[in-house]
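This report concerns only the one structure given below.
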Amino acid sequence: PNPVKTNELHKLVLSVPNTFTPKHHALLKDIAKSFFPMLHPEYLQVVSESDAVACYYLSRRRDFYGNADFLTPQRKSELDANEHVLVFDMGAGTLDLTYFEKSNCEGKMCISMKGKMGMNKAGNYLDYLLGEILCDLLEQTNIAEQKKLAFRQRLEIDKSRRIMQNTNKRSCEELKLFVRDKVKPMLNDDTARIPSFNSEYTFESFTMRDIKEHPKYKAYIKECTEDVLDNLISLFAEGGDTGDYMVRPQRTSFPLDVVVFSGRSTTLMDIRNSVSRYIMELENGKEVLCADLNTLTLSPISDIRTDLENVTSLKTVVTFGSLIYADWINRPNLFSFSGKKVFADYGLLIRHVTKGWEWFPLITNRSAEMNSVVNPFEAPMLFKGECIYPIDEAKEIIFVQNYSKNTARDWENGNKDLITEIVHFDVPNGVNGNQKISIEIDANNTITCKIQQFGKITLEPHDDFHNESLRKSLWPVAF
């Protein structure tokens with residue numbers, strides 16, 4: 001950063017993916033304060049990327065629906081009515097969802113945040129997946145086995161996380177650029193032929209349909225659309241309360257009027273069509289939870305891109321939206337934000353000596369203390385949760401942020417896309433019997449773990465590179 005600018009900066013708005021945990025937020029704020037010493041703490045604001053897209057959409061609603069000067073009274077009435085919106089923001093690194101309601105109350109625009117979630121599977125992950133599919137297609141050709149092996153080595157992920165040798169890194173970068181810039185942009189045309197790579201590898205006998213019919217590609221589309229939406233609805237559907245905030249409610253109603261697509265990965269029509277198809281199936285009564293769904297309106301990606309003709313990155317939508325949010329949140333006479341403190345579930349995954357992994361939610365978005373707050377974007381993560389467990393039967397304890405509806409099973413199967421490890425600790429020796437295990441997160445997002453008989457636990461330094469989806473998304477930068 002320019003030292004002059006860093007010394008002059010007093011206000012900062014940071015956009016983050018929904019996959020970030022309290023630990024990530026605390027680290028990000030510490031980094032911001034170290035780079036910008038004159039930054040006023042009260043002017044450091046953090047907003048999720050999909051929330052920023054939501055604010056951008058709300059600021060441009062009339063433009064999306066046509067010239068506001070020529071709206072009929074009926075159309076104006078429709079625009080001013082209550083509206084349930086799903087933001088589907090799929091960029092290069094993460095897929096972020098925000099579900100909110102817009103209404104008008106006493107002359108204000110009221111924005112109620114109903115739910116949000118995120119996963120580390122988006123455009124960069126698809127780049128790696130396309131490389132794997134090309135490897136599989138090569139197996140059907142007469143190319144020499146040595147060349148096939150050399151191609152596959154460009155996709156190797158070193159789990160030791162060492163930095164690549166320059167030669168290997170260059171060869172991986174060549175393949176990355178090929179799939180990102182040559183192959184992926186052609187996926188919307190089933191009949192287009194796959195171009196050759198480096199004049200050494202010819203795919204002329206294959207078309208984009210061969211890629212799209214591959215099981216890995218089909219699984220990717222399903223995971224990033226149907227599966228993630230199923231989890232979102234499971235978390236945030238209305239009604240069917242069980243009376244126990246630790247148990248997710250019966251899915252009965254998920255009103256939805258508009259889906260807003262954002263991010264360069266949503267230019268892939270298979271993603272958008274799958275989202276639309278899944279929601280329309282719910283509307284048509286194939287499942288009861290969306291029986292009262294009224295309309296589905298896709299905000300075309302072309303609308304957003306047209307607005308950004310003079311810029312080079314769709315990331316500008318997030319930037320504009322973040323600045324709009326920072327403005328609106330300080331104008332309570334015109335804009336009202338409400339929502340909950342947390343949208344994920346937080347709890348312990350405990351590996352039992354014989355039963356395998358078990359899930360113990362400590363705090364959920366349905367907890368009584370998670371009632372509406374003035375600013376859900378900036379609300380502190382202050383909470384304390386605890387559970388009783390026969391500690392001598394536990395081999396391993398992990399505190400996680402969770403969006404999955406089948407937490408223990410997904411973790412056991414290595415499916416960690418919707419589960420983010422925050423801290424991990426081994427069970428200390430000499431601690432036996434039923435023990436109270438507690439987790440505390442203060443307003444500064446500092447995490448403290450305690451076991452009743454043992455006391456405070458030293459937390460292990462941890463990164464997210466154990467997550468295979470994240471490591472593939474980072475290819476070929478680091479491992």
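By convention here, the first residue in the shown sequence is residue 1. Values below: every heavy atom of this structure, side chains too, minus hydrogens, waters and symmetry copies.
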(request) With the side chain counted from C-beta on, respond yes when M208 and I211 share a heavy-atom pair under 4.5 Å apart, and no when they do not. (result) yes
(request) Decide yes or no for P22 and Y346: does some side-chain heavy atom of the first lie under 4.5 Å from some side-chain heavy atom of the second? (result) yes
(request) For residues N18 and T98, determine if any side-chain heavy atom of one lies less than 4.5 Å from a side-chain heavy atom of the other. (result) yes
(request) For the residue pair S473 and N120, confirm or rule out a side-chain donor-acceptor distance under 3.5 Å. (result) no
(message) Just to verify, what does S438 make a side chain to side chain donor-acceptor pair (under 3.5 Å) with, not counting sequence neighbours?
(response) none
(message) Just so I know, are the side chains of F36 and L44 near enough to count as touching, which here means a heavy-atom distance under 4.5 Å?
(response) no
(request) Consider only side-chain N and O atoms of Y325 and Q45, and report whether a donor and an acceptor are under 3.5 Å apart. (result) no
(message) Is the shortest side-chain heavy-atom distance between D345 and W359 below 4.5 Å?
(response) yes
(request) Verify whether one side chain among Y217 and D270 offers a donor that lies under 3.5 Å from an acceptor in the other. (result) yes
(request) For the residue pair L130 and L187, establish whether any side-chain heavy-atom pair is separated by less than 4.5 Å. (result) yes
(message) Rounded at 0.5 Å granularity, tell me how far OH in Y99 sits from CZ in F236.
(response) 11.0 Å
(request) Measure the shortest side-chain to side-chain distance between I398 and R351 over non-hydrogen atoms and say whether it is less than 4.5 angstrom. (result) no
(request) Scan side-chain atoms only and decide if S48 and D96 contain a donor-acceptor pair under the 3.5 Å cut-off. (result) no
(message) A side-chain contact here means heavy atoms from C-beta on lying under 4.5 Å apart; do Y403 and N231 qualify?
(response) no
